[in-house]
Amino acid sequence: MSQSNTKNKLFAPITGTVMPRFAGIATFMRLPFLEFDHPSIDEVDIGLFGIPWDGGTTNRAGARHGPRQIRDLSTLARNVNRASGINPFELCNCADLGDTPVNPVDLEDTLARVQRFVEQLHEKNMIPLAAGGDHLVTLPVMRAIAKDRPVGMVHFDAHTDTWDRYFGGSKYTHGTPFRRAIEEGLLDPTRTIQIGIRGALYNDSENNWGIEQGIRVVDIDEYHALGTQGVIDLARQVVGTGPTYVSFDVDFLDPVYAPGTGTPEIGGATTYQAQQLLRGLQGLNLIGGDVVEVSPPFDPSGNTALVGMTMMFELLCVLAHARAQR
Ligand code: MN
Ligand code: MN
């Protein structure tokens, strides 16, 4: 089977019609694995990479194993998005850049290591597409790509992740990344929308901080009241034409679709609704994204990693379209 529909042959994903899906070394979307010293690294437009770390997890750990299992389930990926017609591999050179360095016994050292890795991508003008890891990993990604100006964000999650401190004084957990990102000037709260928020609260004022900063919080009840297209329209209005990051926590989905995650909340979105929402971001000025909180120890069937891989593909399609438009 020809792979001539890919822009550059080096960056062609391995097709399941040539090498069976169960064979070979697993990479994201069956793309080539390139390290930063590869002679063709400067030709990469979109870098996919893992952040195998869950040191920010406050309860059920395991997301450190996410990138490896998402790569395994990526063997089910194909090239063309049936709904949008986008073939991201035709629009852009994409590669698996491997995993960021991490230190499983030192949180702040890990944040620095992840940031440095993503800075290398950013210096090469690549778009980052990350697989977590727990949700704290988005903070060092933003420290790398948003230090020159704050970015907007479309955030899919059951939780706002704008809490302040845990366990007396800890500032860095997977429940705090977006409060830190706003405090550090990385994230513009007035260009941020959080979709799918639900679940019981620690106290009745818990969500107020983010709303006071200007975040548009769309809880699951408002999501259903507005409908998918209504939420897409609202998200596009909130983020506007400025640079926008997309962060997808798999606990946005109902746990019947994504049980393998650290903090499941019932009453969530379906996988089909999530696909429609991500496709609805086409045409925005997207500069990067991530899929986080896939936790293989709680995912015996592998289905949550399949869902995570598929959401990465949907994100890749809209990122590639945005990159090709620029
Ligand atoms: Mn989260
Ligand atoms: Mn969450």
Side-chain angles (χ1 to χ4, degrees), residues 51-64 66-67 70 107 111 114 129-142 151 153-166 170-182 186-187 189 192-202 206-207 209-210 213 215-221 223 235 245-271 273-274 277-278 288-299 304-305 307-308 311-312 315:
I51 311 177
W53 187 73
D54 55 21
T57 302
T58 55
N59 184 13
R60 308 196 304 173
R64 67 177 65 181
I70 291 172
L107 186 151
L111 295 181
V114 175
L129 177 53
D134 71 45
H135 219 154
L136 184 56
V137 303
T138 306
L139 181 64
V141 173
M142 286 191 167
V151 298
M153 178 172 68
V154 182
H155 173 200
F156 299 96
D157 207 318
H159 315 97
T160 61
D161 297 349
T162 52
W163 287 281
D164 189 13
R165 314 236 166 181
Y166 274 71
S170 293
K171 294 171 66 177
Y172 300 113
T173 77
H174 68 162
T176 63
F178 302 118
R179 186 179 294 224
R180 299 289 92 84
I182 290 167
L186 308 170
L187 182 62
T192 295
I193 183 166
Q194 299 183 309
I195 302 166
I197 309 303
R198 63 189 187 278
L201 304 168
Y202 286 118
E206 186 180 284
N207 279 335
W209 186 86
Q213 308 310 304
I215 296 177
R216 183 66 172 85
V217 177
V218 179
D219 67 21
I220 198 71
D221 299 302
Y223 170 75
Y245 191 83
V246 183
S247 194
F248 191 98
D249 184 327
V250 286
D251 71 31
F252 167 68
L253 300 163
D254 192 275
V256 301
Y257 300 97
T261 194
T263 320
E265 303 283 356
I266 68 162
T270 70
T271 45
Q273 287 168 331
L277 287 162
L278 289 170
D290 58 49
V291 174
V292 299
E293 300 283 355
V294 171
S295 182
F298 295 98
D299 189 29
T304 310
V307 167
M311 296 306 154
M312 272 184 93
L315 249 177

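Counting convention: from 1, in listed order, for ligands and their atoms alike. The chain is numbered in sequence order, starting from 1.
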- prompt: To the nearest 10 degrees, how large is the angle at the Mn ion (ligand 1) between Asp161 OD2 and Asp157 OD2?
  reply: 90°
query: Among the N, O or S atoms that Asp251 has, which is closest to the Mn ion (ligand 2)?
result: OD2
- request: Specify whether His155 and Phe178 have parallel, tilted or perpendicular ring planes, treating 30° as the upper limit for parallel and 60° as the lower limit for perpendicular.
  value: tilted
- prompt: Is the count of non-hydrogen atoms from other residues, nucleotides or ligands lying under 6.0 Å from Ile266 atom CD1 greater than 12?
  reply: no
field: Whether Phe248 and Phe252 hold their rings parallel, tilted or perpendicular, with breakpoints at 30° and 60°
entry: perpendicular
message: Between Glu293 and the Mn ion (ligand 2), is there a contact where an N/O/S atom of the residue lies under 2.8 Å from the metal?
response: no
message: As a test of reading the structure, name the N/O/S atom of His159 that is nearest the Mn ion (ligand 2).
response: ND1
- request: Flag the pair Arg180 and Asp164 as a salt bridge only when some basic side-chain nitrogen lies within less than 4.0 angstrom of an acidic carboxylate oxygen.
  value: yes
query: Is there a donor-acceptor pair under 3.5 Å between the side chain of Arg60 and the backbone N or O of Thr263?
result: no
message: Closer than 2.8 Å to the Mn ion (ligand 2): does that hold for any N, O or S atom in Asp249?
response: yes
query: Among the N, O or S atoms that His135 has, which is closest to the Mn ion (ligand 1)?
result: ND1
